[in-house]
Amino acid sequence: GGTLVNGHVEWSMSTPEAVDLYTIEVIENVYPPRTIWLAYLPGSANSFDIPALGPDYSGSALLYIDAVRSKYPFDFNQFSSLDLRLNRIHAWSSQMSQISLP
C-alpha cells in the first residue's frame, strides 16, 4: 500500500526478492490511457514527489509502481532501457492506485 499527500508518495511493497529498481508511472485516466509522467528509482527508494504537471493534467489519474529484479548484475547508475526488456527481468511486482492530481 501507499499514501499520496500534496504530491508526495510513500509506499511499502512486499516482494520475494531484493528490488533493483522501481518504475513509477502516472497515467491519465482516459481512453486510450496516456502516460503523463515516468520515473525510475533505485530499489532502496520508498518515496518520491510527483512534480507539478500543469493545468492540462488534473483530476483522476492512475499511479503504477513496478518493482523490478534483474537476472543479471544491476547498477542503477548505469542502466538503460535494454535492461528493462522481459528477457533480462528475473521478477517484478506491480501496485496500482487511483490518485487525484491537483
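Numbering starts at 1 and runs along the sequence shown. Keep in mind it's a predicted model, so treat the numbers as computed, not measured.
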Next on the checklist: As an exercise, state the distance from CD1 of Ile65 to CG of Leu41, rounded to the nearest 0.5 Å.
Outcome noted: 9.0 Å
Checklist entry - Would Tyr57 end up clustered with Val9 when hydrophobic side chains under 4.5 Å apart are linked, directly or stepwise? => result yes
Item to check | Nearest-0.5 Å distance that lies between atom CD in Glu28 and atom CD1 in Ile36 | outcome: 5.0 Å
Checklist entry - Under a 4.5 Å side-chain heavy-atom rule over Ile, Leu, Val, Met, Phe, Trp and Tyr, are Leu38 and Leu86 clustered together? => result yes
Checklist entry - To the nearest 0.5 Å, what is the distance between OG (Ser47) and CH2 (Trp11)? => result 6.5 Å
Next on the checklist: To the nearest 0.5 Å, what is the distance between CG on Leu21 and CG on Asp75?
Outcome noted: 11.5 Å
Next on the checklist: When you group the ILVMFWY residues by side-chain heavy-atom contacts below 4.5 Å and let the links chain together, are Leu84 and Phe76 in the same group?
Outcome noted: yes
Item to check | Any Ile50 side-chain heavy atom under 4.5 Å of Ile24 side chain | outcome: no
Checklist entry - Can you name the residues that form a salt bridge (charged side-chain N to carboxylate O under 4.0 Å, His left out) with Asp83, not counting sequence neighbours? => result Arg88
Next on the checklist: Nearest 0.5 angstrom please: Gln98 CD to Ile27 CD1, how far?
Outcome noted: 12.0 Å
Checklist entry - Would you say the side chains of Thr23 and Asp66 form a donor-acceptor pair under 3.5 Å? => result no
Checklist outcome for this item: When rounded to the nearest 0.5 Å, the distance separating CD of Glu10 from CG of Asn46 is 6.5 Å
Next on the checklist: Looking at every non-hydrogen atom in both residues, tell me the closest pair between Ala61 and Val26 and how far apart they are.
Outcome noted: CB-CG1, 4.0 Å
Checklist entry - With hydrophobic residues grouped by side-chain heavy-atom distances under 4.5 Å, do Phe48 and Tyr22 end up in a single group? => result yes
Next on the checklist: Check whether Asp20 reaches the backbone of Ser70 with its side chain - one donor and one acceptor, N or O, closer than 3.5 Å.
Outcome noted: yes
Checklist entry - Going through the checks in order, is the side-chain contact (heavy atoms from CB on, under 4.5 Å) test met by Leu62 and Met96? => result CA-CA 7 Å; Leu62 300 174; Met96 189 271 298; 3.7 Å; yes
Checklist outcome for this item: Smallest heavy-atom separation, Ala67 atom then Met13 atom, equals CB-SD, 3.5 Å
Item to check | Side chain Thr35, main chain Trp37, donor-acceptor under 3.5 Å | outcome: no
Checklist entry - When clusters are formed by joining ILVMFWY residues with side-chain heavy atoms under 4.5 Å apart, either directly or through shared neighbours, do Val19 and Tyr64 land in the same one? => result no
